[in-house]
A.B. asks: 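Mind looking over this structure? Questions follow.
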Amino acid sequence: MEKFIIHTEVFAYDHPDELDPKEAKLLESATEAMRNAYAPYSRFKVGAALLLEDGKIIKGNNQENAAYPSGLCAERVAIFACGANHPGMKIVSIAITAGSLDFASDHPIAPCGACRQTMLEYELNQDTPIAVIMRGRSGKIYRCEGIKQLLPIFFHEDGLKLK
Ligand code: THU
């Protein structure tokens with residue numbers, strides 16, 4: 001038997017001013033995106049904003065549906081919009097913010113497992129990390145250097161490449 005310990009790093013900030021200005025701006029874009037979320041069922045609005053290598057910002061927000069599983073998380077709306085409209089463009093970072101219409105959201109929200117797996121695919125393809133900045137409506141801001149920090153043991157497609 002062998003035991004291995006996985007090390008992950010999360011940096012916590014008290015205020016957006018402590019971030020790189022580009023990432024502070026990206027967090028504002030995620031907050032703008034959150035306002036347009038379509039979340040009448042959960043009443044939990046999530047916004048995501050991607051910073052691309054050419055400086056463009058791509059926004060997404062959660063889109064729900066009366067047939068519940070048909071909806072999609074903000075992160076995947078943003079990352080698929082990026083893949084669809086800016087293929088081959090590297091993603092530098094993603095900011096994610098969220099807030100409930102019913103209760104205070106004063107801590108960072110972390111992306112769900114399916115969104116982590118989806119973002120990881122793009123990170124592996126571009127071969128450079130995608131930094132993740134997370135915040136609730138208020139409170140601390142978390143920052144990870146890359147998606148692997150959030151998903152250290154992951155599924156990857158090597159076994160699917162049939163040659
Ligand atoms: N949601 C996201 O948009 N991103 C996540 O990472 C987790 C959850 C959305 C899905 C649903 O519309 C609402 O939040 C409640 O789960």
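Indexing begins at 1, ligand by ligand and atom by atom, following the structure's order. Computed over heavy atoms, backbone and side chain alike; hydrogens, waters and symmetry mates excluded. Note that the numbering runs from 1 along the sequence shown for the chain.
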A.B. asks: Between the side chain of Glu18 and the main-chain N/O of His15, is any donor-acceptor distance below 3.5 Å?
C.D. replies: yes
A.B. asks: Show me the side-chain donor-acceptor pairs of residues 20-27 shorter than 3.5 Å, one per line, residues at least two apart or across chains.
C.D. replies:
| from | atom 1 | to | atom 2 | distance (Å) |
| --- | --- | --- | --- | --- |
| Asp20 | OD1 | Lys22 | N | 2.8 |
| Glu23 | OE1 | Arg143 | NE | 2.7 |
| Glu23 | OE2 | Arg143 | NE | 3.4 |
| Glu23 | OE2 | Arg143 | NH2 | 2.9 |

A.B. asks: Give a yes or no on whether His86 atom NE2 has more than 12 heavy-atom contacts from other residues, nucleotides or ligands under 6.0 Å away.
C.D. replies: yes
A.B. asks: Quick one: side chains of residues 128-137, donor-acceptor pairs under 3.5 Å with protein atoms, not counting sequence neighbours, listed by atom name and distance.
C.D. replies:
| from | atom 1 | to | atom 2 | distance (Å) |
| --- | --- | --- | --- | --- |
| Thr128 | OG1 | Gln126 | NE2 | 3.2 |
| Arg135 | NE | Gly139 | O | 3.2 |
| Arg135 | NH2 | Gly139 | O | 3.4 |

A.B. asks: Enumerate donor-acceptor pairs with a distance under 3.5 Å from any side-chain N or O in residues 69-83 to protein atoms, sequence neighbours excluded.
C.D. replies:
| from | atom 1 | to | atom 2 | distance (Å) |
| --- | --- | --- | --- | --- |
| Ser70 | OG | Ala67 | O | 3.2 |

A.B. asks: Distance only, no hydrogens: is a donor on one side chain within 3.5 Å (strictly under) of an acceptor on the other, for Asn61 and Gln63?
C.D. replies: yes
A.B. asks: What does the list of residues with a heavy atom under 4.0 Å from ligand 1 look like, ordered by chain and number?
C.D. replies: Ser42, Phe44, Val46, Asn62, Glu64, Cys73, Ala74, Glu75, Pro111, Cys112
